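Below you'll find the structure, written out as structure tokens, and then a few comments.
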Protein chains: 2
Amino acid sequence: MVDTSDLGESEYLKFTVALERVAVMLRRVGPARDLSLASASVLQLLDQAPVARPYRLTELAVEQCVTQPAMTQLVSRLEREGLARRCADPGDRRVVIVRITQEGQDLLRERRDARAAALGTLLAGLCEDDRRAIEAALPALERLALAASGGV
Amino acid sequence: MVDTSDLGESEYLKFTVALERVAVMLRRVGPARDLSLASASVLQLLDQAPVARPYRLTELAVEQCVTQPAMTQLVSRLEREGLARRCADPGDRRVVIVRITQEGQDLLRERRDARAAALGTLLAGLCEDDRRAIEAALPALERLALAASGGV
DNA sequence: TATTGTTATACTCTATAACTATA
DNA sequence: TATAGTTATAGAGTATAACAATA
């Protein structure tokens, strides 16, 4: 009887090592061509934001776990490259609203497609059982990531 | 009959998004306190190297997919902090051998323990089925990471 | 001449501290 | 006074180009 709620230290280490390798893999799989991880991450947030409820600069900083000055710079880089733009908040003139541009959306889509294609190639190299196991674990991994992101 | 060897584009996208979230999670779970991701990655390579077959600086650069100058700097930082040291190669005086120090090994162990503990806490918050699914997928994920790292 | 590594320079990304503008 | 954001400055991590030393 295997009780995974009682994993030993060595199991955690195994898990840690496996996930760290996956993280390294992602750094390499993602061509990262035109878009750094930090930029892509913010751009994805902006892309998912409802038009009626856009992000403030401070909210982006909190969401990404970086400081306000760091986000100021990141947004400035995105703006300089035409991927996002700063807008005024009519209700509070201190506030900076950040929106993704069409160009930003296009770049994001290209990047996602490229990543998916690269991962598809890698997955195709695995055996059937491995693909099944990974697919079966995806929802669980998403929940795990959610818990780490602030869900808890 | 589900044939995962014929995953559609949307499945790849789902997979990409899930793994990217895991990568973000790892950035946050790892206290990263004293050790950056880049430093930790190199230090782990050095730690796993057989004493009789240590790494050259160039080999580290190739293994980590960074340039020689980048690795020169990274090793210099590790050396400055006492975590690694440069050694001469008796057979070829152009070569720089890099070894981990005792201090480096100690730090690595602390970091691994902290990460494992943090992940353990997160895992404890998942339901039994999710934990089982993730554990079942670990070997497959490792093979996937290996394929991306250069195994292919 | 080819290989190994370093130095010089520049850019991204991050942080802390000090500042401005608005509430 | 508190909040939203920027500017100033510094350090890690990365790249390319030019260089030195050794093979």
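Numbered from 1 within each chain, the chains take letters A, B, ... in sequence-line order. If you're wondering where the values come from, they're calculated on a predicted model, not measured in any experiment.
Sorted by residue number, the members of residues 76-86 of chain A with any non-hydrogen atom under 4.0 Å from DNA chain D read A:Arg86.
B:Gln73 places its CD atom 20 Å from the P atom of C:dT4, with the value rounded to the nearest Å. For A:Glu59 and D:dA4, the CD to P distance is 9 Å, given to the nearest whole Å. Following rounding to the nearest Å, A:Leu74 (CG) and C:dT12 (C1') show an atom-to-atom distance of 9 Å. One can place CG of B:Asp89 at 13 Å from C1' of C:dG5, the figure rounded to the nearest angstrom. B:Met71 has its CE atom 16 Å from the P atom of C:dT7, to the nearest Å. As rounded to whole Å, 15 Å separates atom C1' of C:dC11 from atom CG of A:Leu35.
A heavy-atom distance below 4.5 Å is not found between the side chains of B:Val98 and B:Val42. Taking the side chain as every heavy atom from C-beta outward, A:Ser39 and A:Leu43 never approach each other to under 4.5 Å.
Comparing atom distances between the A:Leu57 side chain and each of C:dT4, D:dG5, C:dT14 picks out D:dG5 as nearest.
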When you check every protein heavy atom under 4.0 Å of nucleotides 16-23 of chain D, what one-letter string (B, S, -) results, 5' to 3'? BB----BS

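Residue pairs that meet the salt bridge (Lys or Arg N to Asp or Glu O under 4.0 Å) test with at least one member in residues 71-81 of chain B, sequence neighbours left out, are B:Glu79-B:Arg86. The list of salt bridge (Lys or Arg N to Asp or Glu O under 4.0 Å) pairs with a residue in residues 97-109 of chain B, not counting sequence neighbours, reads B:Asp106-B:Arg109.
Using a 4.0 Å heavy-atom criterion, one finds that B:Thr58 contacts the sugar-phosphate atoms exclusively.
Checked for salt-bridge contact, B:Glu128 and B:Arg132 meet the test: a charged N lies under 4.0 Å from a carboxylate O.
Taking B:Ala136 as the reference, nothing meets the side-chain contact (heavy atoms from CB on, under 4.5 Å) condition, with sequence neighbours excluded. A search for side-chain hydrogen bond (donor to acceptor under 3.5 Å, both in side chains) contacts involving B:Thr58 returns B:Gln68, not counting sequence neighbours.
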In a table with atom names and distances, give each donor-acceptor pair under 3.5 Å that connects a side chain of residues 88-95 of chain B to protein atoms at least two apart or in another chain.
{"from": "B:Asp89", "atom 1": "OD1", "to": "B:Gly91", "atom 2": "N", "distance (Å)": "2.7"}
{"from": "B:Asp89", "atom 1": "OD1", "to": "B:Asp92", "atom 2": "N", "distance (Å)": "3.4"}
{"from": "B:Asp92", "atom 1": "OD1", "to": "B:Arg94", "atom 2": "N", "distance (Å)": "3.0"}
{"from": "B:Asp92", "atom 1": "OD1", "to": "B:Arg94", "atom 2": "NE", "distance (Å)": "3.2"}
{"from": "B:Asp92", "atom 1": "OD2", "to": "B:Arg94", "atom 2": "NH2", "distance (Å)": "2.9"}

Just list the side-chain donor-acceptor pairs under 3.5 Å for residues 50-57 of chain A, sequence neighbours left out, or say none.
{"from": "A:Arg53", "atom 1": "NH1", "to": "A:Glu59", "atom 2": "OE1", "distance (Å)": "3.4"}
{"from": "A:Arg53", "atom 1": "NH2", "to": "A:Glu59", "atom 2": "OE2", "distance (Å)": "3.0"}

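Here B:Thr72 does not reach the OP1 or OP2 of C:dG5: none of its side-chain N or O atoms lies under 4.0 Å away.
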